[in-house]
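Have a look at the structure below, then the notes.
Atom set for the values below is all heavy atoms of this structure, side chains included, hydrogens, waters and symmetry mates excluded.
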Amino acid sequence: MDFWGTVLVLFRRWYVVLPTFVLSLVAAAAIYSTVPTTYTSSAVLILTTPTTGGSLPTNPRMPNGLTNPMLNFDRGLSISASILIAAMGTPDMAVEMGAVEGGDTAFKVNNGSSNIESLATGPYVFIEGESSTPQAAKDIVVRVIARTKLELVNRQEAVKAPKATYISAYEAVPPTEPLAQRGRKMRAVAAAAGVGVIASLFMAFTVESFVTTRRRRRQEAAKGVPGPAGTPPAEPSRLNGRLPAGTPVTRT
């Protein structure tokens, strides 16, 4: 059926389409009210080397020159950041942070990209927390920052790095104020509205098919033609209460 034929059916069966669509809108409103609003907060850490660099001087009387940590980024910091991102993304770490699967609180740690192959792209650690309340979203970010800094220290202790050369994590962007995220609610509403439109079309064409079939059977019965399902033709005496023309009448 072409577009205008479909529109004609919808207009002709408006008494079916309208109630079905109204019910779908009511369902969408109910879904919108039941899907909770979530809040997100984020932060960015930058790994920096100490001002004296990443190595100790061989001659204590000739110490390393002081360097601005913000101007001393090398690939080693990028690799260290990727190690932290991988460590903070494990399921055990999620449980430790209180972000259990299916719970209201969750967090993500990455380098600003979801591509796992590009982890070592810079000394950046992006942290995002999500929860059902603004305070919980900000709290999870604060906890993850503290745990990331502790993980950085533990990793350097494990390789027995001199404390004077320890990498530090600087909060380039402190935890932001939580923002409401309504994308999940809107997706649920859009899905409900789409189902409502499909249901309206289905009901309209179902009624149209039923009415058309019934009308055709009546017309065939009026002509004395067997129906599509093998229905025997109607008896002449039952055709609108009159006998067809030319039918002999027996008088007693």
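The minimum heavy-atom distance between Pro134 and Pro178, with the atom names listed, is O-CG, 3.0 Å. Closest approach of Ala81 and Val125 over heavy atoms only: CB-CG2, 4.1 Å. Nearest heavy atom pair, residue Ala137 against residue Ser131, reads N-CB, 3.6 Å.
Residues Leu45 and Met97 are members of one and the same hydrophobic cluster, defined by side-chain heavy-atom contacts under 4.5 angstrom among Ile, Leu, Val, Met, Phe, Trp and Tyr.
For the residue pair Thr20 and Ser200, no side-chain donor N or O sits within less than 3.5 Å of a side-chain acceptor on the partner.
Arg218 is linked by a salt bridge (Lys or Arg N to Asp or Glu O under 4.0 Å) to nothing, counting only residues two or more places apart in sequence or in another chain. A search for side-chain hydrogen bond (donor to acceptor under 3.5 Å, both in side chains) contacts involving Arg143 returns nothing, not counting sequence neighbours. Take Ile83 and apply the side chain to side chain contact (heavy atoms under 4.5 Å, CB included) test, not counting sequence neighbours, and it matches Ile79, Arg155. The side-chain hydrogen bond (donor to acceptor under 3.5 Å, both in side chains) search around Glu96 returns Arg147, not counting sequence neighbours. Partners of Thr38 by side-chain hydrogen bond (donor to acceptor under 3.5 Å, both in side chains), not counting sequence neighbours, listed by chain and number: Glu130. Residues passing the side-chain hydrogen bond (donor to acceptor under 3.5 Å, both in side chains) test with Thr40 are Gln181, sequence neighbours excluded. Residues passing the side chain to side chain contact (heavy atoms under 4.5 Å, CB included) test with Phe210, sequence neighbours excluded: Arg214. Residues that satisfy the side chain to side chain contact (heavy atoms under 4.5 Å, CB included) test with Val207, not counting sequence neighbours, are Arg13, Tyr15, Val16, Val211. Residues meeting the side chain to side chain contact (heavy atoms under 4.5 Å, CB included) test with Leu23, sequence neighbours left out: none.
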Which pairs would a plain distance check flag for residues 84-94, meaning a side-chain donor or acceptor within less than 3.5 Å of a matching protein atom at least two apart in sequence or in another chain?
{"residue": "Thr90", "atom": "OG1", "partner": "Ala87", "partner atom": "O", "Å": "3.2"}
{"residue": "Thr90", "atom": "OG1", "partner": "Met93", "partner atom": "N", "Å": "3.3"}

Cut-off 3.5 Å, no hydrogens considered: what does the side-chain donor-acceptor table look like for residues 162-177, sequence neighbours left out?
{"residue": "Thr165", "atom": "OG1", "partner": "Pro162", "partner atom": "O", "Å": "2.7"}
{"residue": "Ser168", "atom": "OG", "partner": "Thr48", "partner atom": "OG1", "Å": "3.0"}
{"residue": "Glu171", "atom": "OE2", "partner": "Lys149", "partner atom": "NZ", "Å": "3.2"}
{"residue": "Thr176", "atom": "OG1", "partner": "Ser42", "partner atom": "N", "Å": "3.1"}
{"residue": "Thr176", "atom": "OG1", "partner": "Ser42", "partner atom": "O", "Å": "3.4"}
{"residue": "Glu177", "atom": "OE2", "partner": "Lys138", "partner atom": "NZ", "Å": "3.0"}

